[in-house]
Chemist: 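Starting off with a structure, shown below.
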Amino acid sequence: MSDSDPSLCITPGLAPWRSSLARALHRNRSRPYSRYFQLATVTPDGYPANRTIVFRGWLPDTNTLTLVTDRRSGKVADLAAHPRAEACWYFTHTREQFRLAGPMVLVDSTDTALAPARQTAWEALSTNARQQFYWPHPAAPREVQSSDSPQAGHDVGETAPDTFCLGLLTPHRVDHLELRGDPQARYLYRLQTDGRWTGAPINP
Ligand SMILES: Cc1cc2nc3c(=O)[nH]c(=O)nc-3n(C[C@H](O)[C@H](O)[C@H](O)COP(=O)(O)O)c2cc1C
C-alpha cells in the first residue's frame, strides 16, 4: 500500500472477542505453534489461497493483527486484487478455533504513515528471519548454483529492505468455536458500521 488509510486499519476500543483470544494465546503458550494461523486470501483469478503465518502481535491500541511477509510473495498480488483476508487459528490445548475476517493492507517501504510500525516489526525479527527478505524471488525456479541461494548469508541491518512488508488484518467478523464442553459453544461477533461490535452465541 502507498499511504495508509488509517480508517481501514484502526477500530477504536478493545473488541469483545479480544479477551477470548488473549486467554487462548495465554493458555496455549507452552505450544510454540499456537502463534501460527492460516491466512486465506483470494487470488486475482478468483481461487482461494491459504498459507501458514506467524502472528506478530497487535498494532498498538487497535484490534488489528500484524504479520510480516515478502512484497514479492503471491499473497501480495492476491491482496492487491482483493484486499480482504481471513485468519483461521486453532488452539490445540484448549481446542478452540477463531476465524477472523476483514480488510487487510500491506505496509511497504513507500508508506509514510505506518513506517514506524513497519520499522518496529523489522527490529523485532531475529537475524535468521530478516535474512529471508534477501533471498531470491519467492516461487521463481530454483537456481542450484546461485550465490544468492537461500543458504547464503546477507548482512542484515537496522533498515528494512524494500522486500519487507508489514501486514495488517483488521477483523470485521470473528467466529469463535469452542469444542470443549457439552454442548460445544460458538460465538459470532460483527463490527457494525458505527464502529461498535455485536456479539452473540450461535449454534455450533
Ligand atoms: C510454520 C510456518 C510459518 C510461516 N510464517 C510465515 C510468515 O510469518 N510470513 C510469511 O510470509 N510466510 C510464512 N510462512 C510461509 C507461508 O506459509 C507461504 O509458504 C509463503 O508466505 C508463500 O505464500 P504465498 O505464495 O501464498 O504468498 C510460514 C510457513 C510455515 C510452515
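Every number for a ligand or one of its atoms is a count from 1 in the order of the listing.
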Chemist: Please tell me whether Arg29 and His26 have a donor and an acceptor in their side chains that are separated by less than 3.5 angstrom.
Modeler: yes
Chemist: Just jot down the ligand 1 atoms closer than 4.0 angstrom to any heavy atom of Tyr36, in number order.
Modeler: 1 (C)
Chemist: Distance alone, cut at 3.5 Å: any donor-acceptor contact between the side chains of Asp45 and Thr43?
Modeler: yes
Chemist: Roughly how far, to the nearest 0.5 Å, is CH2 of Trp89 from CG of Leu25?
Modeler: 4.5 Å
Chemist: Note the single closest protein heavy atom to atom 8 (O) of ligand 1, along with its residue, its atom name and the distance in Å.
Modeler: Val54 N, 3.0 Å
Chemist: Taking only heavy atoms of Val68 into account, list the atoms of ligand 1 that are under 4.0 Å away from them.
Modeler: 7 (C), 8 (O), 9 (N), 10 (C), 11 (O)
Chemist: Starting from atom 29 (C) of ligand 1, what is the nearest protein heavy atom, named by residue and atom, and what distance separates them?
Modeler: Thr52 O, 3.7 Å
Chemist: Distance to 0.1 Å, residue and atom name: give those for the protein heavy atom nearest to atom 10 (C) of ligand 1.
Modeler: Ile53 CD1, 3.5 Å
Chemist: Is there a path of hydrophobic side-chain contacts, each under 4.5 Å between heavy atoms, that joins Leu188 and Val174?
Modeler: no
Chemist: So, is the end of the Arg18 side chain (NZ or CZ) under 6.0 Å from the ring centre of Trp197 and within 45° of the ring's axis?
Modeler: no
Chemist: Which ligand 1 atoms does Gly74 reach within 4.0 Å, using its non-hydrogen atoms?
Modeler: 24 (P), 25 (O), 27 (O)
Chemist: Which atoms of ligand 1 have any heavy atom of Ser73 under 4.0 Å away?
Modeler: 27 (O)
Chemist: What residue and atom, counting heavy atoms only, is the protein's closest point to atom 20 (C) of ligand 1, and at what distance?
Modeler: Lys75 NZ, 3.8 Å
Chemist: Take Thr94 and Asn28, measure what side chain to side chain donor-acceptor pair (under 3.5 Å) needs, and give me the verdict at the end.
Modeler: CA-CA 7 Å; Thr94 51; Asn28 291 269; 2.9 Å; yes
Chemist: With a 4.0 Å cut-off on heavy atoms, is Leu67 touching ligand 1?
Modeler: no
Chemist: Which ligand 1 atoms, with their elements, are less than 4.0 angstrom from a heavy-atom of Thr69?
Modeler: 10 (C), 11 (O)
Chemist: Is a donor from one side chain sitting under 3.5 angstrom from an acceptor on the other, for Ser34 and Arg27?
Modeler: no
Chemist: Are any of the N or O atoms of Arg51 closer than 3.5 Å to those of ligand 1?
Modeler: yes
Chemist: In terms of the angle between their ring planes, are Phe164 and Trp122 parallel, tilted or perpendicular, with boundaries placed at 30° and 60°?
Modeler: perpendicular
